[in-house]
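Here's the structure we're looking at; comments come further down.
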Amino acid sequence: MRLCVGDKEKEGDLVRVGIPRTLSFFTYYPLWKPFFEALGAEVVVSPISNKALLDEGVRETVNDACVPIKLFHGHVAALKDRVDILFIPRLVSIDGKVTLCPKFLGLPDMVRCSISGLPEIIESRLDLKKGRFELYRFMFRVGQRITDNKLRIIGAIWRARYSFYCYRKLLLHGFTPLEAFPLLEKGIIPPPKVNNGEIKLAVLGYPYALYDDYVSVNLLKKLEGQGVSVVTPEMVPEQMMKKASKKLPKNLFWYYSNRVVWASIHYLQDKSIDGIIHVTAFGCGPDAMTNKLVELEAKQQGKVPCMSITIDEHTGDAGVDTRVEAFVDLLKRKKGIL
Amino acid sequence: MKGYLGIDVGSVSTNLVVIDEEGRVLVNLYLRTRGQPIKAVQDGMRHVEQELSGSDIEICGVGTTGSARTLTGVIVGADTVKNEITAHAVAASHLVPDVQTVLEIGGQDSKIILLRDGIVVDFAMNTVCAAGTGSFLDHQAARLNIAIEEFGTLALQSTGPVRIAGRCSVFAESDMIHKQQMGHTFPDIISGLCDALVRNYLNNVGKGKDILSPVVFQGGVAANAGIRAAFEKALGLKVIVPEYFSVMGAIGAAMLAKSAVREKQETLFRGFAISEMEYQASSFECQGCPNLCEIVNITVDDEVLARWGGRCGKWETLRKTG
């Protein structure tokens with residue numbers, strides 16, 4: 001059964017599409033939001049991650065999943081009674097070369113098995129290995145779940161494309177996704193951010209770990225508070241990523257892991273950073289490789305200090321505080337600021 | 001004469017040190033925290049006051065470190081509140097100026113700090129596992145009914161240490177029980193345990209680090225001659241245990257306080273009278289949002305001294321009016 005936008009609109013009501021605020025949210029929200037809105041749907045986003053959401057997620061999820069996946073379940077649970085459709089696409093490959101972490105591939109199934117009382121789910125498969133136009137074919141398929149009007153879908157794809165283009169530009173200008181979202185709403189693209197911190201750190205990790213302040217225990221804000229300017233993988237231009245990827249004899253199998261390793265290579269060759277912090281979720285399989293590669297790169301390239309921070313379900317941030325403070329101290333003393 | 005007080009409140013021990021202008025240790029105290037950091041600090045302050053009575057030493061600066069550093073900082077009025085890594089590194093490079101590697105094993109933390117030319121260039125801390133830290137050794141000593149002080153000397157009597165799995169403290173314990181039921185002697189088991197803990201430390205905390213001489217070993221566990229010998233065997237290097245190995249964090253905090261006070265020319269120290277005040281720590285769950293943060297209140301005579309624990313910071317800013 002398809003929920004028809006036309007029928008709903010006639011009743012003066014919009015179809016509500018729910019998007020969980022984690023995992024691919026930080027990569028794709030500026031694409032999906034205008035897309036669904038142009039199709040005539042209302043986009044509902046789950047609340048900012050909090051303890052209650054995580055607790056709910058931990059209850060619902062298989063025990064040995066990583067925190068981000070548990071949190072995703074919490075977000076879905078928070079949305080399920082407030083929307084008509086949940087948007088949980090099956091992201092297989094988003095660069096046309098490698099796949100995402102297996103948990104992304106099985107995400108819709110995992111959620112459906114764990115949480116009961118779910119509304120309709122759009123779980124269309126996005127696999128860009130099928131060709132460069134696959135993204136549009138995918139969006140077309142998704143659009144058809146909302147409306148029969150093909151012209152409207154094509155129009156929505158164009159609108160989404162433009163918003164996504166602006167978003168990428170904001171990221172390249174040095175804004176984090178959290179800073180970019182409101183700018184995007186207002187439709188302004190300020191000039192590239194000038195880094196004026198005493199020290200500059202590359203904070204590397206998956207977007208859902210870096211930009212979710214609850215999961216990262218406010219890491220980015222803490223660093224900012226200590227006079228550190230931060231760069232992340234999302235701020236590396238595509239051609240630089242490509243260049244960095246050539247340095248390795250072989251790439252990893254997972255999209256986000258590759259981005260982290262390439263970003264570390266890029267920033268190290270750039271020689272503009274004073275240190276690297278790698279943020280990893282406890283129990284993350286791909287990160288066993290990623291972490292070591294980042295560490296080895298940092299060591300090779302002139303011994304740039306490198307630290308990894310493991311995030312888990314803990315709410316006490318004492319451990320992170322101690323490490324971050326000591327790391328920043330180390331860099332400041334090294335530079336002669338302290 | 002000017003003196004500087006350093007306080008390191010950790011999970012297991014609370015250490016207080018007073019140093020003079022040249023960094024010489026005048027008073028050093030090692031107490032057990034016993035789960036009551038406020039009481040431990042107050043007891044410590046009472047002791048320090050007694051030791052200083054009759055001398056002309058005046059406390060001109062206070063620094064705190066350790067996992068209860070913020071709490072302690074509020075109670076005593078600290079001039080600097082620093083993390084343990086910085087504090088340990090400062091102390092080690094003061095006592096052994098050309099130190100390149102610091103191995104530190106405390107109650108629940110273990111860390112490695114690499115210094116080159118007196119500057120910290122890299123460090124690592126144990127992640128989620130407490131195997132190999134003081135509290136595990138404490139626990140094993142209690143289980144075997146041996147005083148923890150004898151642990152090291154017993155290990156040194158071993159002629160053929162047995163192999164114990166050191167990857168996880170739970171597995172290590174079952175392995176030890178197995179070996180003891182098989183009839184191995186105490187010294188061999190304990191020596192095997194020391195080897196296992198050192199192996200675990202080097203593979204986990206010291207993973208991929210260039211451990212160069214001089215190596216300084218500090219923290220409460222450095223008292224254990226068995227672990228010290230196991231380190232020397234595994235590294236093939238001489239391991240220096242400084243005279244004040246168990247209070248190095250506090251020495252570092254005192255030295256940091258000295259430089260902090262030099263800059264601002266005054267101290268926030270609330271005086272030794274704090275050991276007689278009624279400090280109360282209470283906590284409540286903030287209902288403001290779904291995060292349900294646990295807010296801690298520190299009060300003295302019904303006056304709120306400090307609040308923390310919230311994610312949004314609203315309670316912290318209420319401290320003055322609260």
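Proteins get letters first, then strands, A, B, ... in listed order; numbering begins at 1 in each. All values below were derived from every heavy atom in this structure, side-chain atoms included, with hydrogens, water molecules and symmetry-related copies excluded. Since this is a predicted model, take the numbers as computed values, not measurements.
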I would like to know whether A:Thr322 and B:Arg69 meet side-chain contact (heavy atoms from CB on, under 4.5 Å); could you show each step before the answer?
CA-CA 10 Å; A:Thr322 301; B:Arg69 59 184 180 276; 3.2 Å; yes
Yes or no on side-chain hydrogen bond (donor to acceptor under 3.5 Å, both in side chains) for A:Asp329 and B:Thr86, after CA distance, side-chain angles and deciding distance?
CA-CA 7 Å; A:Asp329 266 10; B:Thr86 307; 3.0 Å; yes
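With rounding to the nearest 0.5 angstrom, the CD atom of B:Glu84 is 8.5 Å from the CD atom of A:Glu325. Separating the CZ atom in B:Phe123 from the CE atom in A:Met307 is a distance of 5.0 Å, to the nearest 0.5 Å. Note that the CZ atom of A:Arg333 and the CG atom of B:Leu115 stand 10.5 Å from one another [nearest 0.5 Å]. Separating the CG atom in B:Asp122 from the CG atom in A:Leu330 is a distance of 7.0 Å, to the nearest 0.5 Å.
The number of heavy atoms from other shown groups lying within 6.0 Å of NZ (A:Lys221) does not exceed 12. Counted within 6.0 Å of CD1 on A:Ile48, heavy atoms from surrounding residues, nucleotides or ligands total 12 or fewer; the atom is thus considered open. Atom CZ of B:Arg34 sits in a sparse spot, with 12 or fewer heavy atoms from other residues, nucleotides or ligands closer than 6.0 Å. In the displayed structure, B:Phe284 atom CZ is contacted under 6.0 Å by more than 12 heavy atoms of other residues, nucleotides or ligands.
The side-chain contact (heavy atoms from CB on, under 4.5 Å) search around B:Ser283 returns B:Val296, not counting sequence neighbours.
Comparing B:Val121, B:Thr70, B:Ile85 by how many heavy-atom pairs each has under 4.5 Å with chain A, the most go to B:Val121.
Contact annotation for A:Lys299: only side-chain heavy atoms (C-beta onward) come within less than 4.5 Å of a heavy atom of chain B. Residue B:Leu292 touches chain A through both its backbone and its side chain, counting heavy-atom pairs closer than 4.5 Å. In this structure, chain B has no heavy atom under 4.5 Å from any part of A:Asp55. The contact between A:Ser49 and chain B is made entirely by backbone atoms, counting heavy-atom distances below 4.5 Å.
Between A:Glu295 and B:Lys209, none of the side-chain N atoms (NZ, or NE/NH1/NH2) sits under 4.0 Å from a carboxylate O, so this pair counts as no salt bridge.
Between the side chain of A:Lys51 and the backbone N or O of B:Pro290, no donor-acceptor pair lies under 3.5 Å.
Within the structure, side chain to side chain donor-acceptor pair (under 3.5 Å) pairs that include any residue of residues 247-265 of chain B comprise B:Asp79-B:Lys264 (at least two apart or interchain).
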